[in-house]
Amino acid sequence: MLQVLACGAVVFPGLFFALRRLLPCVFKHWSDADVVLISESTERVGGGGVIAGHTMNGLCKNLGLVMKYAAIEGSEAWGLVSSIHAVMATTAGVIVVSSCRGSVISDRHWLATYFVIWFGVPYMTYDIFAMYLSHYHRFRVKGHEDYKRHSLRTISTFVRREFLLVLHHIALLTILLPVTLFFRREQGDFFIGCLFLTELSTPFVSMGKILIQDCWLHKANGGMVLLTFFMCRIALFPYMYWVYGRHYDLPLYSVPFHLPVLANLGNACILAPQVYWFVLLCRKGFRLYRRSRMPEVQPDVQPLADNPKAD
């Protein structure tokens, strides 16, 4: 078991550091000034979309792809690794859910347990470290004095700024893992597979960080972010309650009263930040929509009138 866990712990950090080494070798002509500009633009829009302006220089203009920040500081290497994990988790979820549709309580599939051990726990642990590195380099490239080297201050600043995400990861490590391994009594693989499906929106969120906002691909990707995030991170929970109720011939409204209090509390703890993030995504999408609909206002320049000289 420890050997398998160790192998999983090598996969995601190995991918992350390999991409950080590879990307700068491919995109050598990108300068630090470009990194600063794109880094600041990314933060201004909340991490979802890049305003490139004159840094485009026609590069991949048809697709609207910009990966300069990724190549030097590794933030998008983190996004790529997150997307790889999301594809793996979604694939595992589809396999488990499709294999356990006969009886959502008693049907078993080995991936429901072993994917959490092999890849879920190592990824969540790695992802906290990768988020800190992304935060550190993002502020270091802007010239913040406290970010010349790693320190307790940089770590505490990261935890304060990303408290909800850090708490989300820690909660999954301390709640989902024990439930998966010890407290399910070998039941409910179907619902574990459903939880794997929550990762479906991650590749679209990561793609939004490297797309130009003015291109059609960014708008289409934004629609997919909202759709997949709502379906797989919010609507999924009422669906699981409905499936559970159908199994026991219970109406949907009575399912929470049929479940243990800890089960409802755990679902609420997972669902609450998803609703919060979805509201933020909707607000940001609405702001971008209004900005795209606003015509560019050209300042009116009045010609200077000649002052007639007094005779």
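FYI, side chains are in, hydrogens and waters are out, and symmetry mates aren't considered; it's all heavy atoms of this structure. Along the sequence shown, residues carry numbers from 1.
Here the side chains of I170 and I128 are in contact, with some heavy-atom distance below 4.5 Å. Side-chain contact between S82 and D127 is present, with heavy atoms from C-beta onward closer than 4.5 Å. Contact check for L152 versus S156: no side-chain heavy atoms found under the 4.5 Å cut-off. You'll find the side chain of F190 reaches within 4.5 Å of the side chain of V97, heavy atoms only. A heavy-atom distance below 4.5 Å is not found between the side chains of T157 and F139. I192 has its side chain out of reach of V96: every pair of non-hydrogen atoms, C-beta onward, lies at least 4.5 Å apart. In this structure, the side chains of D189 and R184 come closer than 4.5 Å at one or more pairs of heavy atoms. Side-chain atoms of L226 and C282, non-hydrogen and from C-beta on, do get closer than 4.5 Å to each other.
Here the closest heavy-atom approach between residue G93 and residue F196 is recorded as CA-CB, 3.6 Å. In terms of heavy atoms, R233 sits closest to S201 at NE-OG, 3.0 Å. The two residues Y244 and H258 make their nearest non-hydrogen contact at OH-ND1, 3.2 Å. For the pair I234 and Q274, the tightest heavy-atom approach, listed with the atom from each and the gap, is CD1-O, 4.0 Å. The minimum heavy-atom distance between T154 and R149, with the atom names listed, is CG2-O, 3.9 Å. Here the shortest heavy-atom pairing between T90 and E199 reads OG1-C, 3.8 Å.
Aromatic pair F230/F278: centroids less than 6.0 angstrom apart. If you look at Y147 and H135, their ring centroids are closer than 6.0 Å.
Summarising the local packing, CE of M231 is surrounded by 12 or fewer heavy atoms from other residues, nucleotides or ligands at distances under 6.0 Å.
A donor-acceptor pair under 3.5 Å is formed between the side chain of D107 and the backbone N or O of S103.
Residues passing the ring pair (Phe, Tyr, Trp, His ring centres under 6.0 Å) test with F229: none are found, sequence neighbours excluded. In this structure H168 satisfies the ring pair (Phe, Tyr, Trp, His ring centres under 6.0 Å) test together with W277, sequence neighbours excluded.
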Item to complete: Under the side-chain contact (heavy atoms from CB on, under 4.5 Å) rule, what do F237 and I270 come out as? Steps first, then yes or no, please.
Response: CA-CA 10 Å; F237 286 87; I270 297 175; 3.5 Å; yes
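With rounding to the nearest 0.5 Å, the separation of OG1 in T174 from CG in L167 is 8.5 Å. To the nearest 0.5 Å, atoms CG (L195) and CG (N267) are separated by 7.5 Å. For the atom pair CG of L173 and OG1 of T125, the computed distance is 4.5 Å after rounding to the nearest 0.5 Å.
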Exercise answer: donor-acceptor pairs, residues 248-255 side-chain atoms, under 3.5 Å, sequence neighbours excluded:
| unit_1 | atom_1 | unit_2 | atom_2 | d |
| --- | --- | --- | --- | --- |
| S254 | OG | P251 | O | 2.9 |

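Residue V104 is tested with Q187, H247, M240 for a side-chain contact (heavy atoms from CB on, under 4.5 Å); the sole match is H247.
Using cut-offs of 30° and 60° for the angle between ring planes, the W118 and W110 rings count as tilted.
Between the side chains of Y126 and H85, no donor N or O sits under 3.5 Å from an acceptor N or O.
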